[in-house]
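Report on the following structure.
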Amino acid sequence: MRQIHLTVNNEKYQVYCPEHITLLTLLREHLHLTGTKEGCAAGECGACTVIFNGKAANACMVLAPEANGAVVETIEGEAKDGVLSPLQQSFIEHHALQCGFCTPGMIMSARALLDANPAPTRDEIKEAMEGNLCRCTGYEPIITAIEQAAGGERGA
Amino acid sequence: MYQFLSPKTIGEAKEHLAEKSNLKVLAGGTDLIIGLRDGAVHCDYIMDIKHIPELCEIGMTDDGLEVGAGVSLNAMLASGLCTGRYAALADSGHELANSLLRNRATLAGNICHASPGGDMLAPVLVLDAWVETLTPNGGRKIPLKDFFTGVKRHVLAADEMVVKTVFPRGDGTSAYHKKKRIRGHDLAQVGVAGSYAADGTLKLAFGAAGPTPVLIELGVFDPLALRAAREEILDKAMSGISPISDVRASKEHRLAMARYLAGDVLDALLEKVGV
Ligand SMILES: Cc1cc2nc3c(=O)[nH]c(=O)nc-3n(C[C@H](O)[C@H](O)[C@H](O)COP(=O)(O)OP(=O)(O)OC[C@H]3O[C@@H](n4cnc5c(N)ncnc54)[C@H](O)[C@@H]3O)c2cc1C
Ligand code: FES
Ligand code: FES
């Protein structure tokens with residue numbers, strides 16, 4: 001067992017957990033932040049995407065002790081005071097989700113992209129999203145939603 | 001179950017290597033965590049090397065391009081250093097997995113995993129790279145052409161880790177082309193790297209075409225001679241590989257694709273030098 005201090009969505013946490021679990025299990029089962037999803041637990045699907053020290057990462061590919069001292073952002077931090085972010089709103093407007101299982105991961109990959117690059121090209125969006133799989137939408141609405149949200153966030 | 005170690009200095013890492021047996025180094029974890037999850041890897045210690053500042057550096061030195069063992073592939077790609085002679089690193093870096101995993105995955109991790117299909121392995125061979133290691137008694141320099149000994153096997157000792165990968169300076173160009181089953185992320189069916197130095201030295205290397213990546217040194221050609229000798233060069237390169245059939249491709253498909261990709265790489269190198 002190991003003590004881990006980390007910041008998630010601007011809140012500080014102190015957790016006592018086994019050393020061999022992943023950040024995904026830490027978030028879901030120890031912090032009860034179940035917005036982050038487990039699809040494959042093998043780095044293949046991106047459903048578990050969070051922002052880890054400023055970069056999008058598969059939470060299933062990070063060991064919990066690696067998160068000691070880390071700053072993590074999850075889907076629970078995206079809406080502010082119950083108001084959806086422009087990115088979330090854009091996903092709804094452009095039908096960028098159906099079952100919604102991939103959506104928390106999609107939003108976090110897109111959030112990391114827009115934080116680093118507020119005006120991405122369509123190709124840059126595709127590259128940033130290539131680790132996030134969706135079995136429902138066919139991807140085009142997701143790319144469009146991110147493109148439009150980027151314009152909206154910049155006030156374009 | 002393992003104990004997690006997170007050294008902050010090279011000295012601390014060296015102590016752990018000396019004192020702890022059955023230790024595994026953790027870089028990006030994108031191979032190691034899968035191994036732990038599947039029960040294929042058992043160890044008593046995991047040593048995360050990403051908090052050692054020297055290992056997280058990338059830059060040009062007198063020796064050449066140096067990439068620390070803790071540098072993520074995306075940081076390497078964003079450094080702007082993978083151009084000219086080192087262009088194959090940008091090609092292969094972009095081909096490895098996907099951008100999410102590349103925020104974590106490292107060059108040294110790909111090398112030390114030593115999977116025959118590792119996308120960075122053919123490029124490191126054609127660029128004459130070496131790794132510098134740390135051991136309880138110091139460390140050594142290992143040319144990567146002498147590094148791989150079999151499927152997921154290499155010459156590192158149990159108490160030895162890679163500190164950095166070094167690509168010697170030089171003018172010229174290089175490229176890497178990969179064939180995979182789908183447009184999304186997938187391991188290579190075949191990968192081919194080529195380097196063409198300013199003095200005309202031509203090298204090709206093949207990934208996923210044998211138990212280890214294969215380097216073929218082809219000699220010195222001026223660009224027009226290279227174009228004229230294209231088919232002979234491909235014949236010679238192909239005589240050096242012996243791929244197998246597996247879930248990703250049959251032996252026959254691999255052989256056909258290896259020749260096709262090698263030809264493509266030669267054409268790309270010639271185009272880069274303006275011929
Ligand atoms: C979904 C998915 C897709 C993938 N696609 C590809 C692909 O297309 N192409 C490809 O080549 N690979 C692919 N991989 C494999 C993997 O991402 C790469 O091999 C990656 O470069 C490994 O680097 P890492 O830093 O994550 O290594 P780690 O997992 O940290 O380490 C890998 C191995 O090397 C050892 N090691 C790491 N660093 C050192 C060191 N400095 N000294 C000594 N030993 C060390 C570790 O102990 C471990 O045994 C994929 C993996 C996943 C999960
Ligand atoms: S659950 Fe992490 S990538 Fe699928
Ligand atoms: S909306 Fe169902 S998986 Fe993407």
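Proteins get letters first, then strands, A, B, ... in listed order; numbering begins at 1 in each.
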More than 12 heavy atoms of other residues, nucleotides or ligands under 6.0 Å from [atom1] of [X]: yes or no?
X       : atom1 : answer
R135(A) : CZ    : no
K152(B) : NZ    : no
Y260(B) : OH    : no
E54(B)  : CD    : yes

Need one label for L26(B): side chain, backbone, both or neither, based on atoms under 4.5 Å from any heavy atom in chain A.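 For L26(B), side-chain heavy atoms alone lie under 4.5 Å from chain A.
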Inter-chain contacts: residues 44-63 of chain A against chain B, heavy atoms under 4.5 Å: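 Checking residues 44-63 of chain A against chain B gives E44(A), G46(A), T49(A), F52(A), K55(A), A56(A), A57(A), N58(A), C60(A), M61(A), V62(A), L63(A).
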Considering heavy atoms only, which positions within residues 80-118 of chain A lie below 4.5 Å of chain B?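 Under the 4.5 Å heavy-atom cut-off, S109(A) qualify.
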Would you give me the side-chain donor-acceptor pairs under 3.5 Å for residues 1-10 of chain A, sequence neighbours excluded?
residue : atom : partner : partner atom : Å
R2(A)   : NH1  : E19(A)  : OE1          : 3.3
R2(A)   : NH1  : F4(B)   : O            : 3.2
N9(A)   : OD1  : T74(A)  : N            : 2.8
N9(A)   : ND2  : T74(A)  : OG1          : 2.8

For R37(B) and H20(A), what are the C-alpha separation, side-chain angles and deciding distance, and is it a side chain to side chain contact (heavy atoms under 4.5 Å, CB included)? CA-CA 9 Å; R37(B) 192 193 78 132; H20(A) 65 271; over 6 Å; no
Any residue meeting side-chain hydrogen bond (donor to acceptor under 3.5 Å, both in side chains) with R181(B), in chain and number order, not counting sequence neighbours: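 So R181(B) forms a side-chain hydrogen bond (donor to acceptor under 3.5 Å, both in side chains) with D186(B).
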If you measure from OG on S99(B) to CD on E130(A), what distance do you get to the nearest 0.5 Å?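 If I round to the nearest 0.5 Å, the distance is 4.5 Å.
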Pair E66(A), I33(B) - check side chain to side chain contact (heavy atoms under 4.5 Å, CB included), show working. CA-CA 12 Å; E66(A) 289 185 79; I33(B) 293 172; 4.3 Å; yes
